[in-house]
Peer 1: 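If you scroll down you'll find the structure; I have some questions about it.
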Amino acid sequence: MPHPVISLIVPVRNPGDAINRLVDSADEQSLPAAAFELVLVDHGSDRATLDRLDHLRRRRPNVTVATLPAGSTLADALNHGIELAAGTFVLPLGHGELLFPAALEKLTAFAAEHDCDLVVGRGVGPARPSIDQALTTADVPRLDPHLRLAATSHPFVAYRREFLQQHGLRYRAGRALLDRTFHAEALAHTDAVGVFAGYPLARGHGLAEAYPVRDAEPSRAQWWEDVAGALDRTTDAGARAVFLAAEVAVAVHWLGLAGDEKLRPVVQDAVRNSCPAELDRLIAPVPRLVVDDFREGRWTEAGRVLAGFSGLRATAEAGAARWVDDALQVELTGRIETPGSLDLRNATYQRMIAETMIILGVRNRLTAPLHCVPTEGFWSVDTESDRPGLRFTARARLDPDRIHHGGPLPGGTWQVACYVPGLSIDTAPVLPVPLAGTPTTIRDHRLIAVVGGTDETLHFDIGGTTCSGLSGLRPEHTELVETPAGSRLTITLPDVRADRQTVLQGAIRFGRLSFPARLSGGPDGSRVECFASGLSGDYPISMTFGDGRPTPTGLTLRIEHAGAMIIIPA
């Protein structure tokens, strides 16, 4: 096998069917199989799992299986896998992850282009992306020093294998892919840290996996050992502040840190030393509140703040969308309900809320906010409702030809979504935008429609893959004219906007018969023309101007025995 570009290091212990799903997602990669390898390192599975791994290995030339003795830890498995790896980069993965189809190709191309020693990839889960709010909107070839440690607190990090070998870097923590000491040691040896945020790498790993045992003394002790090791190896003051603030906030919520009388004073001293007030501007809003409470010893208040700002959910109230200069201007108003324990009249809370970002973008069903755009956001305290809450308005310009890495969105259906990062500690409120009526347009020879999904929320349909202003037509939208060349059918599309210069090639189907068609623009809507022929009978009319299935128009072509043609409702 040629030298692989990247090696996926997967520690395994009785994973069940999850390992098959991971391997299936690897098989579907756009990167050729010869350009990557899976190194599966078993550390204590039963015989059935070992047989399953051997079966996977025998069917794939790019899969290596290694078995460690009983009692080996996850860290042992990761280190052994890195030793076996042949790739330029190594990417540790849990056996329950699912890779996105172009993930390895895009990640390795980014790393090679920018000569990165570490690349942070974006993982997604049901509710949130796994990259800090400051890193969600763009790729970063060289990450600012104060963000490096916080960014690499996420599980999806690819390392240049030669870099790890050169500095003798090895995993130490025995129970989690999130080995903060390992990350900190790596960061101490390089500035070549990039973030690839534009395309999701894998699906999995939420905070529950990072902190598998909640509110238990051994968990807190292990957590502090990891954090302290990372801080010891970090010299940048901003990095220490950002990292520690985020870690303390999470530990208060997940590990019951506020109730640990032995560990609290130690953490408080660390916060006072590593998070001085002048660095507060670097810290996200909610962790900043917790840091303020820990500085002053307000343990109960820290827990109350985290309880109040955990699991918040947003609801959309109204949406508007219209085409302006070939881009969709979107406005969303919504509300976030908060618990009664939060006094929203508190000036500190109001300042924090005002600093919280709102982002509008487009996503597909699996990838959470995928392509985000600059968004104007406005907050206010809801004083009219019986239940406490916040109101917000978000406005953005969504250009389907500029959203995707500065280029056009690929064909398909993309949901317009609103993402509110940094307001809630464990989930980022994400909500779809309500459907707003607006005509279909044509840009760069592509049909771009604003359509409703199954839940009647705003979607872009790129390339006519679903319903793009081509359906719901009536006989009065049609004209049949006999010409020397044959029977010419013209269908007017009142909801498709295009200028006079626009010409789009496609097809009209009469039942199973397909005929070339041409869509052209006009002042009162667009029109589609084709020549029709066939035997007598009724033929449902559909049309297509993209890669998707033909869209039913709601019309039928009836050809009578004498050859006459009429258009009737379907």
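The model shown is predicted, which means the values in this text are computed figures rather than measured ones.
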Peer 1: Does the distance from a Lys or Arg side-chain N to an Asp or Glu carboxylate O, for Asp226 and Arg172, drop under 4.0 Å?
Peer 2: no
Peer 1: When rounded to the nearest 0.5 angstrom, what is the spacing between CZ in Arg13 and CD1 in Ile19?
Peer 2: 14.5 Å
Peer 1: What pairs with Phe182 under ring-ring contact (aromatic ring centres under 6.0 Å, His included), at least two apart in sequence or on another chain?
Peer 2: Tyr159, Tyr171
Peer 1: What I want to check is whether the side chains of Asn79 and Glu83 have a donor and an acceptor closer together than 3.5 Å.
Peer 2: no
Peer 1: Under a 4.5 Å cut-off applied to non-hydrogen side-chain atoms, are Leu56 and Val65 in contact?
Peer 2: no
Peer 1: Between Leu255 and Trp224, does the side-chain contact (heavy atoms from CB on, under 4.5 Å) criterion hold? Intermediate values first, please.
Peer 2: CA-CA 11 Å; Leu255 299 180; Trp224 183 246; over 6 Å; no
Peer 1: Under the 3.5 angstrom rule, does the side chain of Arg233 hit a backbone N or O of Glu185 as a donor-acceptor pair?
Peer 2: no
Peer 1: Is Arg288 reaching over with its side chain to a backbone N or O of Ile283, donor-acceptor style, under 3.5 angstrom?
Peer 2: yes
Peer 1: If only atom types and distance count, is the side chain of Thr440 paired as donor or acceptor with the main-chain N or O of Ala449 below 3.5 Å?
Peer 2: no
Peer 1: Taking side chain as C-beta onward, heavy atoms only, is Leu409 less than 4.5 Å from Ile448?
Peer 2: no
Peer 1: Considering residues at least two apart in sequence or located in another chain, which fulfil the side chain to side chain donor-acceptor pair (under 3.5 Å) criterion with Asp24?
Peer 2: none
Peer 1: Check this for me: Gln165, atom CD, are more than 12 non-hydrogen atoms of other residues, nucleotides or ligands nearer than 6.0 Å?
Peer 2: yes
Peer 1: Going by the rule ring-ring contact (aromatic ring centres under 6.0 Å, His included), which residues pair with His189 if we only count those two or more places apart in sequence or in a different chain?
Peer 2: His167
Peer 1: Of the non-hydrogen atoms in Ala316 and Pro432, which two are nearest, and what is the gap between them?
Peer 2: CB-O, 3.9 Å
Peer 1: Test side-chain contact (heavy atoms from CB on, under 4.5 Å) on Leu107 and Phe156; report intermediate values, then the result.
Peer 2: CA-CA 11 Å; Leu107 181 77; Phe156 302 116; over 6 Å; no
Peer 1: Can you confirm whether Phe460 sits close enough to Leu328 that some side-chain heavy atom of one is under 4.5 Å from a side-chain heavy atom of the other?
Peer 2: yes
Peer 1: Within the distance-only criterion (no hydrogens, no angle test), does the side chain of Arg160 pair as donor or acceptor with the backbone N or O of Cys116 below 3.5 angstrom?
Peer 2: yes
Peer 1: Judged by atom type as modelled, is there a donor-acceptor pair below 3.5 Å linking the side chain of Gln29 to the main-chain atoms of Phe100?
Peer 2: yes
Peer 1: We want to know whether Thr67 and Asp42 form a side-chain donor-acceptor pair, criterion being a heavy-atom distance below 3.5 angstrom.
Peer 2: no
Peer 1: Can you tell me how far CG of Asp461 sits from OG1 of Thr413, rounded to the nearest 0.5 angstrom?
Peer 2: 4.5 Å
Peer 1: If you look at every heavy atom in Ile9 and Ala77, which pair is closest and at what distance?
Peer 2: CG2-O, 4.4 Å
Peer 1: Using modelled atom types and a 3.5 Å cut-off, is there a donor and acceptor pairing between side-chain atoms of Thr190 and backbone atoms of Leu187?
Peer 2: no
Peer 1: Test your reading of the model: is there a side-chain donor-acceptor pair from Arg509 to the backbone of Ser542, 3.5 Å cut-off?
Peer 2: no
Peer 1: Of the non-hydrogen atoms in Pro15 and Thr49, which two are nearest, and what is the gap between them?
Peer 2: CD-CG2, 3.6 Å
Peer 1: Do Leu74 and His43 come within less than 4.5 Å of each other through their side chains, counting heavy atoms only?
Peer 2: yes
Peer 1: For the side chain of Ser25 and the backbone of Leu99, is there at least one donor-acceptor N/O pair under 3.5 Å apart?
Peer 2: yes
Peer 1: When you compare the side chain of Thr457 with that of Leu435, does any pair of heavy atoms fall below 4.5 Å?
Peer 2: no
Peer 1: Is the shortest heavy-atom distance from the side chain of Leu332 to the side chain of Ile358 under 4.5 Å?
Peer 2: no
Peer 1: Can you tell me how far apart OG1 (Thr108) and CZ (Phe89) are? Round to the nearest 0.5 Å.
Peer 2: 8.0 Å
Peer 1: State, to 0.1 Å, how close Ala18 and Gly96 come at their nearest heavy-atom pair, and which atoms those are.
Peer 2: CB-CA, 4.2 Å
Peer 1: Please walk me through it: do Thr234 and Phe243 pass side-chain contact (heavy atoms from CB on, under 4.5 Å)?
Peer 2: CA-CA 10 Å; Thr234 306; Phe243 175 69; over 6 Å; no
Peer 1: About how many Å separate CG of Leu78 and OG of Ser72, when rounded to the nearest 0.5 Å?
Peer 2: 12.0 Å
Peer 1: Check Arg52 with Asp46, please: is the shortest side-chain N to carboxylate O separation under 4.0 Å?
Peer 2: no
Peer 1: Between Asp54 (side chain) and Asp51 (backbone), is there a donor-acceptor pair under 3.5 Å?
Peer 2: no
Peer 1: Can you see which heavy atom on Ala436 is nearest to which on Ala321, and at what distance?
Peer 2: CB-N, 3.5 Å
Peer 1: To the nearest 0.5 Å, what is the distance between CG (Leu22) and CG (Leu40)?
Peer 2: 7.5 Å
Peer 1: Provide the closest heavy-atom pair for Phe392 versus Cys418 in the form atom of the first, atom of the second, distance.
Peer 2: CE1-SG, 4.1 Å
Peer 1: Is there a side-chain contact (heavy atoms from CB on, under 4.5 Å) between Val433 and Leu360? Walk through the geometry before answering.
Peer 2: CA-CA 9 Å; Val433 177; Leu360 281 168; 4.0 Å; yes
Peer 1: If you count every heavy atom of other residues, nucleotides or ligands that lies below 6.0 Å from Arg512 atom CZ, does the total exceed 12?
Peer 2: no
Peer 1: Can you find a pair of side-chain heavy atoms, one from Val290 and one from Phe309, that are under 4.5 Å apart?
Peer 2: no
Peer 1: So, do Pro287 and Val248 sit near enough that their side-chain heavy atoms are less than 4.5 Å apart?
Peer 2: no
Peer 1: Drop me the distance from Asp115's CG to Glu113's CD, to the nearest 0.5 angstrom.
Peer 2: 11.0 Å
Peer 1: Donor-acceptor check, side chain of Arg220 to backbone of Leu257, threshold 3.5 angstrom: yes or no?
Peer 2: no
